[in-house]
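We use all heavy atoms of the structure for the numbers below, so side chains are in, but hydrogens, waters and symmetry mates are not. In this chain, numbering begins with 1 at the start of the sequence shown.
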Amino acid sequence: MNFKAILLNFSQLPSGTDAFKQLKQLCEQQLGQPQPSLEKTALFLISGFAKNYVLLYEDQAIRPEFAQNAKNQLLGYMQRLSDALESADEARILEALNQVSSDYMQSSRVF
């Protein structure tokens with residue numbers, strides 16, 4: 001399973017903690033497989049976001065709008081990374097990783 005397949009899987013799941021748990025598990029499984037190093041970096045970054053979401057909200061009641069907004073934010077990051085990974089252009093991939101990191105740091109950091 002590659003990054004794009006993980007993105008597609010996550011996009012089809014309903015919003016909520018279980019989707020983030022599954023995303024985290026899929027990313028972690030792929031981190032153990034042979035992958036190009038920049039794809040591993042993207043997987044590690046997304047896995048960390050998903051892990052944080054689960055740790056923060058697993059035992060809390062959250063509004064459906066909040067869950068959907070968090071999922072949409074992460075899907076945006078994942079799509080940006082997936083597009084860059086598909087290009088196979090290392091500079092573009094590094095730029096996407098930097099953009100995602102920068103956008104996250106300027107966001108409300110819900111995960």
Next item on the list: Take M78 and V100 through the test side chain to side chain contact (heavy atoms under 4.5 Å, CB included) and record every step on the way to the result.
Entry: CA-CA 9 Å; M78 291 179 74; V100 166; over 6 Å; no

Item checked: Check against side chain to side chain contact (heavy atoms under 4.5 Å, CB included), I6 and L43 -> CA-CA 9 Å; I6 293 171; L43 287 165; 3.6 Å; yes

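Salt bridge status for K51 with E28: absent, with no side-chain N to carboxylate O gap under 4.0 Å. For D103 and R80, the salt-bridge test passes: some basic side-chain N is under 4.0 Å from an acidic carboxylate O.
Of the possible polar contacts, none joining the S102 side chain to the N98 backbone as a donor-acceptor pair under 3.5 Å is found. When atom types are taken as modelled, the side chain of Q35 and the backbone of L31 share no donor-acceptor pair closer than 3.5 angstrom. Formation of a donor-acceptor pair under 3.5 Å by the Q30 side chain with backbone atoms of K40 is not found in this model.
Here the shortest heavy-atom pairing between V110 and Q73 reads CG2-OE1, 3.7 Å. Here the shortest heavy-atom pairing between A42 and L85 reads CB-CD1, 4.1 Å. Of all the heavy atoms in A84 and I93, the pair that sits closest is O-CG1, 3.2 Å.
Hydrophobic clustering places Y77 together with F44 (ILVMFWY residues linked when any side-chain heavy atoms are closer than 4.5 Å, directly or through intermediates). Hydrophobic clustering, with ILVMFWY side chains joined whenever heavy atoms are under 4.5 angstrom apart, keeps I62 apart from L55.
A donor-acceptor pair shorter than 3.5 Å cannot be found between the side chains of E58 and T17.
Within the 4.5 Å cutoff, the side chain of Q99 has heavy atoms near those of the E95 side chain. Residues N72 and L75 form a side-chain contact, since some pair of their non-hydrogen atoms from C-beta on lies under 4.5 Å apart. Contact of the N9 side chain with the L13 side chain is registered, since non-hydrogen atoms from C-beta on lie closer than 4.5 Å. Side-chain contact between D83 and R92 is present, with heavy atoms from C-beta onward closer than 4.5 Å. The closest side-chain heavy-atom distance from F10 to L74 is below 4.5 Å.
Here the OG-CD distance, from S15 to E65, works out to 10.5 Å after rounding to the nearest 0.5 Å. Separating the NZ atom in K4 from the CG atom in L81 is a distance of 12.5 Å, to the nearest 0.5 Å. Expressed to the nearest 0.5 Å, how far NZ of K21 lies from CG of L23 amounts to 13.5 Å. Atom-to-atom distance recorded for L26:CG and S47:OG is 10.0 Å, nearest 0.5 angstrom. Note that CG of L38 and CZ of F3 are 12.0 Å apart. Values are rounded to the nearest 0.5 Å.
Residues that satisfy the ring pair (Phe, Tyr, Trp, His ring centres under 6.0 Å) test with Y104, not counting sequence neighbours, are F49, F111.
Atom CD of Q79 sits in a crowded spot, with more than 12 heavy atoms from other residues, nucleotides or ligands closer than 6.0 Å.
A cation-pi arrangement, defined by a distance under 6.0 Å to the six-membered ring centre and an angle within 45 degrees of its axis, is absent between K71 and F20.
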